[in-house]
2 protein chains.
Amino acid sequence: MLCYPRGMPSEAKPYHHGNLRDALLDAAFRRVDADGADELNMRELARELGVSSAAPFRHFADKQVLLAAVAERAASLLGRALDEASERCDDALTQFRAMAVAYVRFTAEHPALFRLIHDSEGVSSGFVGEVSDERRAKLIALIIEGQNAGLIPDADPELIALTSEALTHGLARMIVDRHPRVRDLSSEDARKLALATTQLLQAGIGLS
Amino acid sequence: MLCYPRGMPSEAKPYHHGNLRDALLDAAFRRVDADGADELNMRELARELGVSSAAPFRHFADKQVLLAAVAERAASLLGRALDEASERCDDALTQFRAMAVAYVRFTAEHPALFRLIHDSEGVSSGFVGEVSDERRAKLIALIIEGQNAGLIPDADPELIALTSEALTHGLARMIVDRHPRVRDLSSEDARKLALATTQLLQAGIGLS
DNA sequence: GCCATATGTCAGCAGCGCTCACATCGAGGG
DNA sequence: CCCTCGATGTGAGCGCTGCTGACATATGGC
């Protein structure tokens with residue numbers, strides 16, 4: 001598309017970057033994933049990409065907007081992981097457990113992204129929509145299906161969904177918050193733990 | 001102790017504040033509680049207290065240290081709430097539920113403090129010790145007691161404790177993260193929800 | 001080919017955390 | 001009783017940040 005002098009008088013850096021917006025998003029994403037959102041620095045980012053420190057603001061109104069874009073990307077990554085996990089199962093219970101595992105595993109592998117997703121208090125929703133709306137509907141459907149099949153007791157499906165989400169989200173959060181009991185978990189260990197706890201939820205803890 | 005001229009030639013502001021350290025801690029605490037940790041600003045804090053912007057650094061080596069002090073205070077507040085809640089019960093199960101309620105209620109009333117406590121990744125522990133060690137031992141003891149009394153099934157007590165913590169912590173986190181389903185809960189609603197979910201955990205979700 | 005527009009640059013503002021040399025005060029020893 | 005010393009506060013200032021506005025440059029539609 002663009003044709004800059006390729007091999008000639010060494011490097012004549014073009015005035016325009018060509019694809020700065022994407023480059024910024026990529027770099028920001030990597031930085032956040034590696035070091036956390038508040039290590040992100042607009043000027044440094046510009047330096048890395050070899051542009052002036054004002055350039056990024058042509059593409060993102062301010063730092064928050066950039067972070068929001070990163071968060072959205074992260075959320076869609078998480079969303080894909082959840083979808084893939086649930087597609088590989090059929091009955092309601094295993095499907096739910098697979099999603100829990102995927103969720104927890106994602107946070108064990110990308111704690112900073114997970115934080116960003118939930119800390120953003122974003123304009124849109126806080127909990128970024130991707131992880132929420134449609135997926136939530138799906139979960140509820142799953143629960144009702146399970147109830148019809150006699151696999152799940154007849155409590156309020158909303159409450160069951162909320163409890164499941166809370167358990168999963170809580171385990172995930174404990175990992176990123178570095179709770180002593182689950183600190184520095186390998187993603188395999190995270191998987192096991194997600195399985196064990198959701199299983200326990202299904203079995204119940206009290207005999208009352 | 002100190003005697004500054006009280007009613008005389010109007011206001012002769014004393015050179016020394018008298019109790020700057022505590023005043024800083026108080027002000028910082030209030031600010032964080034009200035607006036969140038990253039709205040805290042050393043210079044502004046100094047202005048509020050009528051001292052120079054360098055003064056705070058005589059008492060807190062840097063901003064992180066101040067925040068750590070605030071976090072510690074917040075954690076001990078939470079700790080007291082948990083203790084008071086559990087002292088009012090006797091049998092294991094209700095005691096556990098009371099603690100869950102207290103935990104969730106605290107976060108509904110002080111979301112920013114809750115965030116600070118867990119985000120600090122503090123030198124000491126991340127999960128601030130107060131909420132963790134002794135209290136955790138207590139929870140495990142509670143579970144074993146419950147098992148001996150035949151109230152709780154014979155799974156690994158560690159796992160049961162972890163699952164319970166995850167559920168509670170998760171519900172709390174969903175509140176501060178402003179999950180759409182639990183956004184802007186009154187502390188009474190938070191109480192109800194904590195009760196309902198922990199009850200569900202005890203009953204179990206699957207019939208397997 | 002020409003112009004509107006998107007995209008980049010440079011210089012600079014205000015605010016931040018933090019530091020250093022110096023001022024002021026209270027307490028305790030000569 | 002004074003005098004010194006350490007604790008506490010001040011003022012100026014450094015380096016950094018996010019962000020802005022005026023200006024430069026490249027590019028796509030006429």
Can you tell me the distance, in whole Å, between the [atom1] atom of [X] and the [atom2] atom of [N]?
| X | N | atom1 | atom2 | value |
| --- | --- | --- | --- | --- |
| B:Asn19 | C:dG26 | CG | C1' | 15 Å |
| A:Asp38 | C:dC16 | CG | C1' | 15 Å |
| A:Leu67 | D:dG18 | CG | P | 10 Å |
| B:Asn41 | D:dC16 | CG | P | 20 Å |
| B:Phe57 | D:dA12 | CZ | C1' | 15 Å |
| A:Leu20 | C:dT9 | CG | P | 8 Å |
| B:Leu45 | C:dC16 | CG | P | 11 Å |
| B:Arg43 | C:dC18 | CZ | C1' | 9 Å |

Taking [X] for the side chain and [Y] for the main chain, is one N or O donor matched with an acceptor at less than 3.5 Å?
| X | Y | result |
| --- | --- | --- |
| B:Gln202 | B:Thr197 | no |
| A:Asp156 | A:Glu158 | yes |
| B:Arg97 | B:Gln199 | no |
| A:Arg115 | A:Gly36 | no |

Evaluate B:His110 against B:Phe29 for ring-ring contact (aromatic ring centres under 6.0 Å, His included), listing each step before the verdict. CA-CA 11 Å; B:His110 306 282; B:Phe29 186 90; 7.6 Å; no
Candidate nucleotides C:dT19, C:dG17, C:dG8, ranked by approach to the side chain of B:Ala54 - the nearest: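 Of all the options, the side chain of B:Ala54 is nearest to C:dT19.
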Please list every stem that involves DNA chain D, where a stem is a run of 3 or more consecutive Watson-Crick or G-U wobble pairs with both pairing distances under 3.5 Å.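 Consecutive-pair runs (3 or more) involving DNA chain D: C:1-30 with D:1-30.
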Could you check B:Arg58 against B:Asp62 and say which one's nearest nucleotide on DNA chain C is further toward the 5' end?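 The residue closer to the strand's 5' end, by nearest nucleotide, is B:Asp62.
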N or O in side chain of A:His59 less than 4.0 angstrom from C:dG8 OP1/OP2: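 The answer is yes; a side-chain N or O of A:His59 sits under 4.0 Å from OP1 or OP2.
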Would you indicate, yes or no, if D:dT17 has its OP1 or OP2 atom less than 4.0 angstrom from a side-chain nitrogen or oxygen of A:Arg47?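 Result: yes.
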Please enumerate all residues that pass side-chain hydrogen bond (donor to acceptor under 3.5 Å, both in side chains) together with B:Lys138, with sequence neighbours excluded.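 Listed in chain order: B:Ser86.
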Contacts satisfying side chain to side chain donor-acceptor pair (under 3.5 Å) that involve residues 34-55 of chain A (not counting sequence neighbours) are A:Arg31-A:Asp35
First of A:Ala61 and A:Glu44 reached from the 5' end of DNA chain D, by closest nucleotide: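 Residue closer to the 5' terminus by nearest nucleotide: A:Glu44.
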